[in-house]
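Letters A, B, ... mirror the listed sequences (proteins, then strands); counts begin at 1. If you're wondering where the values come from, they're calculated on a predicted model, not measured in any experiment.
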Amino acid sequence: MSLFSTPDHAAQSPLLSTLNPEQRAAVTLPAEHALILAGAGSGKTRVLTTRIAWLLQNGLVTPGGILAVTFTNKAAKEMMTRLSSMLPVNVHGMWIGTFHGLCNRFLRSHFKMANLPQSFQILDTQDQLSAIKRLCKQHAIDDERFPPKQLQWFISGCKEDGQRPANVEARDDETRRKVEIYQMYEEQCQREGVVDFGELMLRSYELLRDNDPIRAHYQRRFRHILIDEFQDTNRLQYAWIKMLAGQGANASPDMPGGAVLAVGDDDQSIYAFRGARVGNMADFVREFHVQHQIKLEQNYRSYSNILDSANALISHNGNRLGKNLRTDQGPGEPVRVYESPSDYAEAQWMVDEMKQLHREGIDRKEIAVLYRSNAQSRVIETALFNAAMPYRVYGGLRFFERAEIKHALAYLRLLENPNDDTSFMRVVNFPARGIGARSLEQLQDLAKATGCSLHDAVSALTGRAGAAIAGFVAKIDVLREQTSGLNLRDIISRMLEDSGLLAHYRAEREGADRVENLEELVSAAESFVMQEGFGRDAAGMTQSAGLTQSPASQGLSGEAIEQYGIEPTDLTFGDTGETLSPLVAFLTHAALEAGDNMAQAGQDAIQLMTVHSAKGLEFDCVFITGVEEGLFPHENSMSDRDGLEEERRLMYVAITRARQRLYMSHSQTRMLHGQTRFNLKSRFFDELPEEALKWLTPKLPAPAAFGGAGRGWQGGNASGYSGGYGNQGSSGFESTRYPAGGTVRVEKEVVRRDESVNGLVVKQKVFHAKFGEGTVLTLEGTGDDARAQINFPRHGTKWLALSVAKLTPVP
DNA sequence: AAGCAATGGATTTTT
DNA sequence: TCCATTGCTT
């Protein structure tokens, strides 16, 4: 159970003086496995970094004995920044990083044992998809039956579950074929010397699993393993941790691994769709026989009206580890709820409210607008733009994902590895060199027949087409020679000129931004070289980290090094910068850290983002918009309980972003996919404590489309409509009549609510031979086109063509 | 080989 | 509605 006593020598430490008892207990835990349940705004990162600092300061571990894992580069950086502000320690020498960053470091150190070229390149999601498309074309795979996107999802999913093609259980022909493609994809990657994100993890895991000395080495080395956002780990990541901690099937009793400190919040698990398993938390407690569990429930972020709302909402989820946020701050402002007639009006209201907040002295960057899906940003952007209010949208392409940058990177990769066919295909005819699809197909067939790369197959190519491609290859080869020995900056500048990329974009009418980005790439490379300290004195770095250790002290004999191909880099804690060329390091950096995705960073601007991307952030004022059935909870997640509970957690995350003021709004109508949708307010409103809320718009008439064109929105606030949706009047907009989803699609203004269609009227009860008794929700069209949306209690909502369905009116 | 119209699909995202 | 992708035209 929780350990609240603190060792004497630690109590005096200034590191601990400002921590609350739970935080202090977590920081000063003994070297045993522990789970920290860290609520939103409870000082989680602080606990993690202070824990590391405390361990180091008290000589309980050396910097080399720490392994600290995060999911994002941002989190890793923050941890390093905070740590170095607490202690004079070289954080870059320590194993603090993302899962993928650390796996990359590990694989570079043991590239021979991992059966990889030392300068292997990393495929990002885009690259992976194009590699799969290329593979499919090559093997004439029907892309109707096997869409590349779906194959990508399949392959990534297998890897996340730790499965190689041989391990995948294929029960049907389709899966068998997918597994074959998976197998071919692996061979292709291996041949080309590239790995995708999943492969970084999987291959690291397998190397640890299958190589006893390497596993033993790392198990002995990492005395303290700290995992951030543990609820987001997938199967493979959990297995990887288990392996490193010596808890897996390969655990050796004589040589116990390090202590695992898992920090997470099951209530903030919102990434199930990408393979995250909250269940890892419970598994961890069971499989590691965790004796220490500490809950951090004291919240330092929000006023209690906000926290009460969050607590009340999340209490509707089952299967929680259980946690309640509390604060010493007062109730603060009530949570304001606004109902608007349209998404447009919702945005208008928001802009007005924001202006007021800004007048009251709140910075624009302290105001965030959160939405469930990206498509919702459009209306809001328009409203902000028209009001001339600066704003910033998160999401979209990041720097290293832009087309022109990807092109430049492809050239750079070809300099390093001519066998990188993905890069070859990307730029062989860009800028255009008169190389057509026909001749490239020829080249690909030739390469396939000889089992070599496209680059190597060129020499065997004949004819005029062959000459053009040979010209390209020669260009790359010449460039490689000319840039050898140059520094990174000069390599990139030279490449940008000689490839013709710059010339191409300079000639393009709208190419100015792209030219700018390419020039930015040179600066990015320069600052990368500065930061990573290439050319820095390696010995000096080792000393400053206080980490100078002989191979033997790290558990490896010189013999092991000979025998198992463990590179010296690993023994100086695997800093890849020591042995890799700056170019390879930069390319790796580009793949693992795609860069910023915010436009106009730094300006005082309203922050727009999805709820997902708001995780981990906080703002003085937060607007949660589109809180409607079908949108939030999203219709695709509402069918099963797990999906709905994840939506609820998502809402929990959204609510807990706010420090002072929280607004939640929903709209009766919304433009989505070119159609006006009529949405009901979200069920989540019913799960919030009424006493913490303030309804700004308790009264609105039923939407005009339901009542007839004449009645507008404006008069709404004055009419005597109370308590949720209209149960007065005959327009019949009753929430109870609608099934989950509550959305009525309106097509070309043919919806009828006030007249009969083929003898039916809305709200009428009908009988269907198969579905039983149901209620008509919507009628649209006329004659043979007439359709009715009917809610059958047993079978859900159906759209039935009235010319086909046999319906009997029920009195 | 480039440019344009038709087509289809449209939660959420990091590495 | 609006975006990316694709097939077809010039």
What one-letter contact string describes nucleotides 2-10 of chain C from 5' to 3', where B marks a base within less than 4.0 Å of any protein heavy atom, S marks contact via sugar-phosphate atoms alone, and - marks no contact?
SS-------
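Between the C1' atom of dT13(B) and the CD atom of E229(A) lies a distance of 13 Å, rounded to the nearest Å. The CG atom of D124(A) sits 12 Å away from the P atom of dT15(B) (whole-angstrom rounding). In this structure, Y394(A) places its OH atom 17 Å from C1' of dT12(B), rounding to the nearest Å. Between the P atom of dA10(B) and the CD atom of E635(A) lies a distance of 12 Å, rounded to the nearest Å. Rounding to whole angstrom units, CD of residue Q268(A) and C1' of dT12(B) are separated by 15 Å. Nucleotide dT1(C) holds its P atom 12 Å from the CG atom of L672(A), rounded to whole Å. Here the C1' atom of nucleotide dT13(B) and the CG atom of L397(A) are 13 Å apart, to the nearest Å. Here the C1' atom of nucleotide dA10(B) and the CZ atom of R372(A) are 13 Å apart, to the nearest Å.
H634(A) qualifies as a stacking partner of the dT11(B) base, centre to centre under 5.5 Å and near-parallel within 30°. Per the stacking criterion (ring centres < 5.5 Å, plane angle < 30°), F273(A) stacks onto the base of dT12(B).
A 4.5 Å side-chain heavy-atom check between D143(A) and P148(A) finds at least one atom pair inside the cut-off.
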Before you tell me yes or no, could you show the steps for D127(A) and T422(A) under side chain to side chain donor-acceptor pair (under 3.5 Å), namely the whole-Å CA-CA distance, both residues' side-chain angles and the distance that decides it to 0.1 Å?
CA-CA 7 Å; D127(A) 300 330; T422(A) 301; over 6 Å; no
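One finds a side-chain N or O of N73(A) lying less than 4.0 angstrom from the OP1 or OP2 phosphate oxygen of dT15(B).
Within 4.0 Å (heavy atoms only), Y271(A) reaches sugar-phosphate atoms of the nucleic acid but no base atom. Among the atoms of the strands shown, base atoms are found under 4.0 Å from some heavy atom of E647(A). Using a 4.0 Å heavy-atom distance criterion, D196(A) is classed as making no nucleic acid contact.
In the set dA10(B), dT11(B), dT14(B), the nucleotide with an atom closest to the side chain of S637(A) is dT11(B). Among the nucleotides dT14(B), dT11(B), dT15(B), the one closest to the side chain of R274(A) is dT14(B). When each of dT15(B), dT11(B), dT12(B) is scored by its nearest atom to the side-chain atoms of H612(A), the top-ranked nucleotide is dT12(B).
Among residues two or more places apart in sequence or in another chain, the ring pair (Phe, Tyr, Trp, His ring centres under 6.0 Å) test is passed with Y205(A) by none. The salt bridge (charged side-chain N to carboxylate O under 4.0 Å, His left out) check on E646(A) picks up R649(A), with sequence neighbours excluded. A search for side-chain hydrogen bond (donor to acceptor under 3.5 Å, both in side chains) contacts involving S665(A) returns E346(A), not counting sequence neighbours.
Anti is the conformation of dT12(B), whose glycosidic angle sits further than 90° from 0.
Contact annotation: side chain of T610(A) to base of dT11(B), donor-acceptor pair absent below 3.5 Å.
Taking a 6.0 Å sphere around CZ of F146(A), one finds it holds more than 12 heavy atoms contributed by other residues, nucleotides or ligands. Heavy-atom neighbours of F385(A) CZ from other residues, nucleotides or ligands within 6.0 Å: at or below the threshold of 12.
Summarising the geometry of R402(A) relative to N517(A), their closest heavy-atom pair is CD-ND2, 3.6 Å, with the distance given to 0.1 Å.
Distance alone, capped at 3.5 Å, is enough to place a donor-acceptor pair between the D124(A) side chain and the Q126(A) backbone.
For residues 609-618 of chain A, the set of pairs meeting the side-chain hydrogen bond (donor to acceptor under 3.5 Å, both in side chains) definition, not counting sequence neighbours, comprises E229(A)-K615(A), D232(A)-K615(A), R301(A)-E618(A), T610(A)-S613(A), E618(A)-R659(A).
When the nearest nucleotides of DNA chain B are assigned to S373(A) and T98(A) by heavy-atom distance, the more 5′-ward of the two goes with S373(A).
Nucleotides dT5(C) and dT12(B) place their P atoms 16 Å apart, quoted to the nearest Å.
Near-neighbour residues of DNA chain B inside residues 429-437 of chain A, defined by a heavy atom below 4.0 Å, number-ordered: A432(A), G434(A), I435(A), G436(A).
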